[in-house]
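Residue numbering restarts at 1 for every chain, and letters A, B, ... go by the order of the sequence lines. From a predicted model like this one, the values you see are computed outputs, not experimental measurements.
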Number of protein chains: 4
Amino acid sequence: MAGRKEELSGKPKPRKRDASRSRGLILQAALEEFSEHGHSGARVDRISRRAGVSKPLIYDYFGDKDAIYAAALKESYVQIRQAESELDFDSVDPEEAIRKLVRFTLGHFREKPWFIAMLNTENLRGGSTIRTLEDAAGVQSVLLQRLTEILRRGADQGVFRDNVDPRDFYVSIASLCWFPVSNRFTLASVFGLEMDDEWYAQRAETAAEMLVAHLKNPA
Amino acid sequence: MAGRKEELSGKPKPRKRDASRSRGLILQAALEEFSEHGHSGARVDRISRRAGVSKPLIYDYFGDKDAIYAAALKESYVQIRQAESELDFDSVDPEEAIRKLVRFTLGHFREKPWFIAMLNTENLRGGSTIRTLEDAAGVQSVLLQRLTEILRRGADQGVFRDNVDPRDFYVSIASLCWFPVSNRFTLASVFGLEMDDEWYAQRAETAAEMLVAHLKNPA
Amino acid sequence: MAGRKEELSGKPKPRKRDASRSRGLILQAALEEFSEHGHSGARVDRISRRAGVSKPLIYDYFGDKDAIYAAALKESYVQIRQAESELDFDSVDPEEAIRKLVRFTLGHFREKPWFIAMLNTENLRGGSTIRTLEDAAGVQSVLLQRLTEILRRGADQGVFRDNVDPRDFYVSIASLCWFPVSNRFTLASVFGLEMDDEWYAQRAETAAEMLVAHLKNPA
Amino acid sequence: MAGRKEELSGKPKPRKRDASRSRGLILQAALEEFSEHGHSGARVDRISRRAGVSKPLIYDYFGDKDAIYAAALKESYVQIRQAESELDFDSVDPEEAIRKLVRFTLGHFREKPWFIAMLNTENLRGGSTIRTLEDAAGVQSVLLQRLTEILRRGADQGVFRDNVDPRDFYVSIASLCWFPVSNRFTLASVFGLEMDDEWYAQRAETAAEMLVAHLKNPA
DNA sequence: GATGAATGAGAGTTCATTCAT
DNA sequence: CATGAATGAACTCTCATTCAT
């Protein structure tokens, strides 16, 4: 919490024996460790080495491994929300806003691999941890609000159909962006795909194409 | 003596000391265990209990935990291929074939949860195991051939555009079917979605709609 | 026992499904396995593979691992006794007989490494097995008798002192022959000795020299 | 609190949480365990109980069983070197020095049974570990230097021949001292020897006699 | 006479977690 | 605020031994 406060105040003061700084280091280390090795594969020992702090300190701050995991899971949502909040959709028309959102989503999944890793891990575990996180719902609301607004603008302008549920539509967007990134290793092996930057750029365009066509289709 | 009796009665009822049967039991148990707990979380002890055999037998047949995992991963592909091979696309027109394939894919992901779980686990591990499996590529080729044929039929009939790469299009299909199933727990928590059978049926229709529209779009 | 009988009768009849032949194969395999890996390090599984028979057969013949070990230990004495019995001392004078015996002993230790290995293993175990072997004492008596005779001949001829206990003197002979062979690996490492055939030949001569000098010394 | 008290009382009485002390306890326990049971027969569990520490601590300090074994093997050399370095040869004439060395060597082998046991075990294993130990050679050099000096003194005084290689002569000494101790159990069983202190004292005298005679012999 | 199939008990090793300073 | 030292419990894997044919 102290850490959050500092972030908000914009005054990062890294120094030795700084509790909030240590906490942040641990959190980032945990995020990396859990996303690279999953819940059971993660090692508290490695987290402590990655963070450069002793193990007892970690237990002091978080309690136990599950609590570290929960904090890391939450952190992954916090980080993606932050990135999303910096997006600007207001200066472009609705169709372009959708394309922009698609490109951003796929790019974000690729650039921050721990988000997909953490969520896959959590779903593998049946979502038992995310259910216990407070305001888990609130964390995604920003994006949803902005998507809702885009869809309404499009409907108002008569370019989009007006019976599209934003949540369902977001699921479609996420689906098309998630799978090619999440399953990149098995896809490469099984389909022999060469998944370089160009392939992903093409993926984003195809996805945007499908999604926009769906919105424009009067159905 | 029981054995002799069986021989005499002419009814082979193998229950014990049947190597291939034991191997199959272990494989299925491993598939379930690994998909429920991931690679590190899986316990050989639980696999042995699930399969109703002793631990040493497992090591005798497979070698070590990684080898069991590899066998289970391969098995999950084999099982989905088998299910796919039973699909019939020839008796319907191309558009309906696509819809059928989409419904089947999403349904299969839901019904055989270990397929998604195993592949997510494997991707979490960087695909290090699937790279070592021989004929990993061959295992999906059947489906791809059939999809290729559907697309060609549609193009020949003039209802589909003819510049669609089957592999890329399969990625689109899989994407739309994968994410809603794979991420069902986090979606339910974060979006508060009620994901019952009806929701998934609707999902399949929306996905099929988008995919078919994409194929029909001359662009 | 059947095996021994055959050996004595001098008619080896190796054929399939021959109990005594299997027993001999197992014994030789056990001798090698135990001498290469010690008592705890030996593996029944490897013995069965070395002998080319199944494990249950081994248990059928011998009982358990300790019994196999005991049989192998006894076999190592039997084999060395056989070799010793072929030595001829009568045609040479007493001094030369001693030299011959020393050369033979050292050579034998080198050529049949399992003898040293088995005895070292047994002594490591506190001799708990050899104590249970019947006629363990008798097994070495042949050699001792012949040494006694050599010493008496030398004393009669006035070339050897006559107060030498044969057993003690045999311990001296064995000591000088045993250590350079038994400890060949640590000696090579720690003293940097190049222990080739020549070195061992020189060893034998030095040992014989010391032993003969001791006998000739009127003391 | 106990710790605080100690600090105040000024009496450092380290009993727990003393890394170097724990390490020493483990080493001695390992030395005993390996020498009593050999490499494969040794149990890490027993070492931990003997040392009064937990198993994980052992792995923390040494790595794995082989590493514990290597450390114990080295320790056995270190201990004998230490004992040897306390011997004084300068105040006696060369002949007596040799007798003293022989008596010491045989006595040391009897009193520190783990030295013989460790080296026998290592030779049983083909010396695979000692080859990896650094400065294995250096560890015995002190004794060799001192023996070299004794031999030179004897040669200078004209009482010893001057063509004796110190390493070879040490092998003779060790041979005569090693075998009666190393093979005490099989000797007792096979030869029916009563090997009490007196027998060993006699052994030492006989050995010294032979060795000295050899040195004095002009040959 | 012989063996493939199977296992209970135990071995080495790891890991989350705590103690004492 | 921070940590080196230490451990109980559990995990992977092995091995002598037996079962059923």
* To do: Could you list the residues that satisfy side chain to side chain donor-acceptor pair (under 3.5 Å) with A/K65, not counting sequence neighbours?
  => none

* **Rounded distance in Å - OH (C/Y59) to C1' (F/dC19)** => 14 Å

* Asked: Does D/R43 have a side-chain nitrogen or oxygen under 4.0 Å from the phosphate oxygens OP1 or OP2 of E/dG10?
  -> no

* Measure from CG on A/D60 to P on F/dC1 and round the result to the nearest Å. => 8 Å

* Rounded to whole angstrom units, what separation is found between the CG atom of A/L25 and the P atom of F/dC1? -> 15 Å

* Would you say F/dA2 has OP1 or OP2 under 4.0 Å from some side-chain N or O of A/S22? -> yes

* DNA chain F in dot-bracket, Watson-Crick or G-U pairs under 3.5 Å, [ ] crossing, | other strand? -> .||||||||||||||||||||

* Asked: Can you tell me how far the CG atom of D/L119 sits from the CG atom of C/N120, to the nearest 0.5 Å?
  -> 10.5 Å

* **Results of side chain to side chain donor-acceptor pair (under 3.5 Å) for D/Q28 - residues two or more places apart only** => D/E32, D/Q79

* Atom pair CG (D/L133) and CD (D/E122), whose distance is rounded to the nearest 0.5 Å -> 7.5 Å

* **DNA chain E: 5'-proximal contact among C/P56 and D/I68 (nearest heavy atom)** => C/P56

* To do: With the side chain of A/L57 defined as its heavy atoms from C-beta on, choose the nearest nucleotide among F/dC13, E/dT3, F/dT3.
  => F/dT3

* **Length of the NZ-P vector between C/K55 and E/dA6, whole Å** => 14 Å

* Structure fact -> Result for 5'-nearest mapping on DNA chain F, choosing between C/H39 and A/G52, is A/G52

* Asked: Rounded to whole angstroms, how far apart are CD1 on B/I26 and P on E/dA6?
  -> 8 Å

* Which ring pair (Phe, Tyr, Trp, His ring centres under 6.0 Å) pairs, counting each pair once, include a residue from residues 23-54 of chain A, with sequence neighbours left out? -> A/F34-A/Y69, A/H39-A/Y69

* Asked: Tell me: CZ of B/R49 to P of F/dA10, nearest whole Å?
  -> 12 Å

* Counterpart residues, side-chain contact (heavy atoms from CB on, under 4.5 Å), relative to A/L57 (two or more places apart) -> A/S22, A/V53, A/S54, A/Y61

* Structure fact -> Whole-Å distance, B/R21 CZ to E/dG4 C1', equals 17 Å

* **Short side-chain N/O contact to F/dG4 OP1/OP2 from A/S54, under 4.0 Å** => no

* **D/D18 CG - E/dT21 P separation (whole Å)** => 12 Å

* Closer than 4.0 Å, any side-chain N/O of C/Y61 to the OP1 or OP2 of E/dG1? -> no

* hbond_proxy C/K65 side chain to F/dT17 base (donor-acceptor, 3.5 Å cutoff) -> no

* Asked: side chain to side chain donor-acceptor pair (under 3.5 Å) with D/E33: which residues, sequence neighbours excluded?
  -> D/R46, D/R50

